[in-house]
Protein chains: 2
Amino acid sequence: MSAERQDLRKAGLKVTLPRLKVLEILEDAELRHMSAEDVYKALLETGEEIGLATVYRVLTQFEGAGLVSRLSIDGGHAVFELEDGAHHDHLLCVKCNQIEEFVDEVIEQRQRAIAAEKGFEMTEHSLYIYGICKRCQAENN
Amino acid sequence: MSAERQDLRKAGLKVTLPRLKVLEILEDAELRHMSAEDVYKALLETGEEIGLATVYRVLTQFEGAGLVSRLSIDGGHAVFELEDGAHHDHLLCVKCNQIEEFVDEVIEQRQRAIAAEKGFEMTEHSLYIYGICKRCQAENN
DNA sequence: AGTGTAAATGAGGACGGTTTTCATTTATAT
DNA sequence: ATATAAATGAAAACCGTCCTCATTTACACT
């Protein structure tokens, strides 16, 4: 049994062709961050006839099962990434849309402190730094 | 000439009734953070017959003119707030949708440092802390 | 292996927030 | 006053996402 089949079983999901294929796409993609549309197109390219609605459903289930996490990029569509258990925040290039990840314990700590100060029971947070990546600066277009 | 008229002129916008009324709503509202729909409803309550499309247009123009800023809440609709020149981040209650503001210079600084480390020229950032506010915890519903 | 049953899928339409279109109205410069 | 460019209203278009429902599929149990 492949590793993907096991992952799905462990997540309590029936092993179906759409789920296997979506998981493969996410694992094999050179881009770690993909929108539902990206996954759909990648599936088409590999010759799989899987409906867009199914892609959305599967990604949402994967999110619920903890296999992927969903990022809500500023003002736009959702982007998914394979969950690796390690929390991190994101840095986005506003020109090429490349996404980098980072973790900063100082920021994490300050956030907890602020929530506590305000009397909030923090459930989660989202931090995005927007900017122009090194490569795009070099191309300065 | 009212202060609102001057604000609009200064922003390079023609002084029209819809723009004046939207600005008044934002200034007089007890809620500092309002969606386009909120503003639209508030206008109806004051007896102004201004179309929702116009509200969206006006808010977008105000954003471009620096009169308001737009928050992109996780997964949902946009929320607008009067711009007061002072940068701040937000803390949102996931139960009552109340929004609080905060500024933390340590976090600001760490963000700049992270962008620099990664070779990014930072243009902006967005930080939202989600949680349950004190009041909602007390009601524990 | 065969089969019943609940779950998953595909196709297309619905949906909600936001934006566009285009004909009509309005603010401002002259 | 009037010309003209800009702003507005109403309705339709849009876009990402989700739902509906008929059909297919995976899995549990003979």
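Hydrogens, waters and symmetry mates are skipped; everything else that's a heavy atom, side chains included, is used. Letters go in sequence order (proteins before strands), and every chain restarts at 1.
For B/R9 and C/dT28, the shortest distance from a side-chain N or O to OP1 or OP2 is below 4.0 Å. Contact between the side-chain N/O atoms of B/T16 and the OP1/OP2 oxygens of D/dA6 is not found at any separation under 4.0 Å. Taking only side-chain nitrogens and oxygens, B/Y56 never comes nearer than 4.0 Å to OP1 or OP2 of C/dT19.
Here C/dT18 is the nucleotide among C/dT18, C/dA6, D/dG16 with the atom lying nearest to any side-chain atom of B/L52. For B/K14, the listed nucleotide lying nearest its side chain is C/dT26; candidates were C/dT26, C/dT9, D/dC27. Proximity note for A/A53 (side chain, C-beta onward) versus D/dT8, D/dT17, D/dC18: the nearest is D/dC18.
When the P atom of C/dT18 is taken as reference, atom CD of B/Q61 falls 16 Å away, rounded to whole Å. When rounded to the nearest whole Å, the span between OH of A/Y40 and P of D/dT17 equals 14 Å. Protein atom CZ of B/R57 is 11 Å distant from nucleotide atom P of D/dA10, rounded to whole Å. Following rounding to the nearest Å, A/L20 (CG) and C/dA8 (C1') show an atom-to-atom distance of 13 Å. Between A/K41 atom NZ and D/dG16 atom P the separation is 9 Å, expressed in whole Å.
Under the 4.5 Å side-chain heavy-atom criterion for ILVMFWY residues, a single connected hydrophobic cluster contains both B/L67 and B/L17. The hydrophobic cluster containing A/F80 also contains A/L8, counting ILVMFWY residues as joined when their side-chain heavy atoms lie under 4.5 angstrom apart, directly or transitively. Taken together through direct or relayed side-chain contacts under 4.5 Å among Ile, Leu, Val, Met, Phe, Trp and Tyr, A/V15 and A/F62 form part of one hydrophobic cluster.
Across the interface with DNA chain D, nearest-nucleotide mapping of B/I50 and A/H77 shows B/I50 to be the residue nearer the 5′ end. Summary of the strand contacts: B/A36 and B/V15 both lie near DNA chain C, and taking for each the nucleotide with the nearest heavy atom, the more 5' one is attributed to B/A36. Nearer to the 5' terminus of DNA chain C, by closest-nucleotide assignment, is the contact made by A/V55 (compared with the other of B/A78 and A/V55). The 5' end of DNA chain D is approached more closely, in terms of each residue's nearest nucleotide, by B/G51 than by the other of A/L13 and B/G51.
The base of C/dT26 has none of its N or O atoms less than 3.5 Å from a complementary donor or acceptor on the side chain of B/R19.
Nucleic acid contact class of A/E37 (heavy atoms, under 4.0 Å, all strands): none.
Between the side chains of A/E100 and A/Q98, at least one donor N or O lies within less than 3.5 Å of an accepting N or O.
Checked against the 6.0 Å centroid threshold, A/H125 and B/H90 do not count as a close aromatic pair.
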